[in-house]
Amino acid sequence: MFREGAAQLPEVEPGDVVAVLGSDARELGLALCDPRGVICLRMLSSSVAVDEGALVRERLSGAFAARARLVASPSTTAYRLVHGEGDGLPGVVVDRYAHVAVVRLDGDGPSRFFARHRGEFMAALHAAGVTALGARRVDAAPGAPKLDELEGEVPPEVLVLEHDMKMWVDLHHGQKTGAFLDQRESRLRVRGLARGRRVLNLFSYAGGFSLAASLGGATHTTSVDLASAGHKAGARSFRENGLEPREHAWVTADAFTFLEGARARGERWELVICDPPSFAHSEKTKARGLAAYRKLHAAAVAVLSRGGVFCASSCSSHVTHDDFLSTLDVSSTGRALRLHGLAGPPEDHPITPAWPEGRYLKFAWLTEL
Ligand code: SAH
């Protein structure tokens, strides 16, 4: 990836595909341009002698075949079909929710590239059984619908299966492309850890972890999120799975404030899940972000019962797996944790060596030492 080179690309338009030469005039390959974007060149291929349409068709068929082999099944109908750089289609994300696909394009270059190849994308999607396509708007006003319908009819909400767990997804207002598909295997992990436990789910959004815990045999769940919209979606998904949401707690609050109150009241949980939004958006804010993760983890462990399980996650690409582990050292609070596992992004979010940003997700499960 080339950054801050826009001044050197005056005659290039966003979405153009150009040959990139090294300083010794050697051909490095083809790249997709976004001259005014943060990332001005994204490598598409290491050869310059390729037909763009054929390249897109080949990348799509490779991406779709990998999902068909690794993720898709009658029990899992929501997953990422195209993961940008990880699938050789930089800046383009396509998520599948049953018969609907939602595309998210990272800036002008990828948007125009996608517009030029929409026919190839639609052909591949149709062949995979997708009948409707929407595009996520990145500049929608708060509360306004965030989806443009491109093909077919995109319903406001769609019911999907994730390892047989039924989940309602709000395609027009939900976060990301509707759901946090990257935590699918983490939710399954929680399902396996929850039996007989009281569960606290911090930053719960649409309650996916709470639902997984309940299906896994949790005795009670408490979902905490600053926004209440996710609680409504969560309650609906609970009912869809034959669970009564009113038997569980849905709290609209700041997680840090909630934790302070719970600690003061002496409340404890046997499984605490903590999946906050990114606290480190850039290298510049990384130190502050790590301090926030440390503070949050200490506060979460303070409400963990002795012998309880703590699941912690970070979605910041600026926080490495080692950085993240360092924030789980809560020994200053008099408690010590041992790590049983640390997972990265799931199989439908592939990475490449040249794209370290792709390793953004961390999910750790720990118990007290
Ligand atoms: N765990 C969820 C995804 C969490 S996304 C899942 O698996 O689907 C992060 C969530 O944190 C968002 O829903 C956002 O509303 C919420 N949030 C952001 N800041 C918060 C805060 N200070 N306290 C509580 N929730 C917060």
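Both ligands and their constituent atoms are indexed starting at 1 by order of listing. Model, not experiment: these values are computed from the prediction. The first residue of the sequence shown is numbered 1, and numbering continues consecutively from there.
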List the closest protein heavy-atom neighbour of atom 1 (N) of ligand 1: residue, atom name, distance to the nearest 0.1 Å. Asp275 OD2, 2.7 Å
Are Phe113 and His117 near enough that their ring centres are under 6.0 Å apart? yes
Verify the neighbour count for atom CZ of Arg263: are there more than 12 heavy atoms of other residues, nucleotides or ligands below 6.0 Å? no
Report yes or no: do Asp323 and Ser326 form a side-chain donor-acceptor pair below 3.5 Å? no
Assess whether a salt bridge exists between Glu151 and Arg118, defined as any Lys/Arg side-chain N lying under 4.0 Å from an Asp/Glu carboxylate O. yes
For the aromatic rings, using the six-membered ring if either is Trp, is the centroid distance between Trp269 and Phe310 under 6.0 Å? no
Under 4.0 Å between heavy atoms, the region of Tyr205 that gets near ligand 1 turns out to be both
Could you tell me whether Ser204 and ligand 1 have an N or O pair separated by under 3.5 Å? no
Is Phe256 touching ligand 1 with its side chain, its backbone, both, or neither, if touching means heavy atoms under 4.0 Å apart? neither
Taking atom 12 (C) of ligand 1 as the reference point, the nearest protein heavy atom with its distance: Gln175 NE2, 3.3 Å
Atom 4 (C) of ligand 1: which protein heavy atom is closest, and how many Å away? Phe203 O, 3.2 Å
Residue pair Tyr97 / Thr177, side-chain donor-acceptor N/O under 3.5 Å: yes
Ligand 1 N/O within reach of Asp225 N/O, cut-off under 3.5 Å: yes
Distance-only polar pair, side chains of His248 and Ser210, donor-acceptor under 3.5 Å: no
On the 0 to 90° scale, with breaks at 30° and 60°, tag the Phe203-Phe279 ring pair as parallel, tilted or perpendicular. perpendicular
Any N or O of Ala255 that comes nearer than 3.5 Å to an N or O of ligand 1? yes
Would you confirm whether the ring centroid of His297 sits within less than 6.0 angstrom of the ring centroid of Phe324? yes
Distance from atom 25 (N) of ligand 1 to nearest protein heavy atom, with residue and atom: Leu226 N, 3.1 Å
At under 4.0 Å between heavy atoms, is it the side chain or the backbone of Ala206 that contacts ligand 1, or both, or neither? neither
Shortest protein heavy-atom distance from atom 7 (O) of ligand 1, along with the residue and atom involved: Arg187 NH1, 3.1 Å
Return the closest protein heavy atom for atom 22 (N) of ligand 1 as residue, atom name and distance. Asp254 OD1, 2.7 Å
Take Arg338 and Glu368 through the salt bridge (charged side-chain N to carboxylate O under 4.0 Å, His left out) test and state the conclusion after the steps. CA-CA 6 Å; Arg338 59 188 163 185; Glu368 196 154 27; over 6 Å; no
Ligand-side contact atoms (ligand 1) for residue partner Phe209, heavy atom cut-off under 4.0 Å: 1 (N), 7 (O)
Nearest neighbour in protein (non-hydrogen) for atom 5 (S) of ligand 1: Phe180 CZ, 3.4 Å
Is there a polar contact between ligand 1 and Pro277, counting only N or O atoms under 3.5 Å apart? no
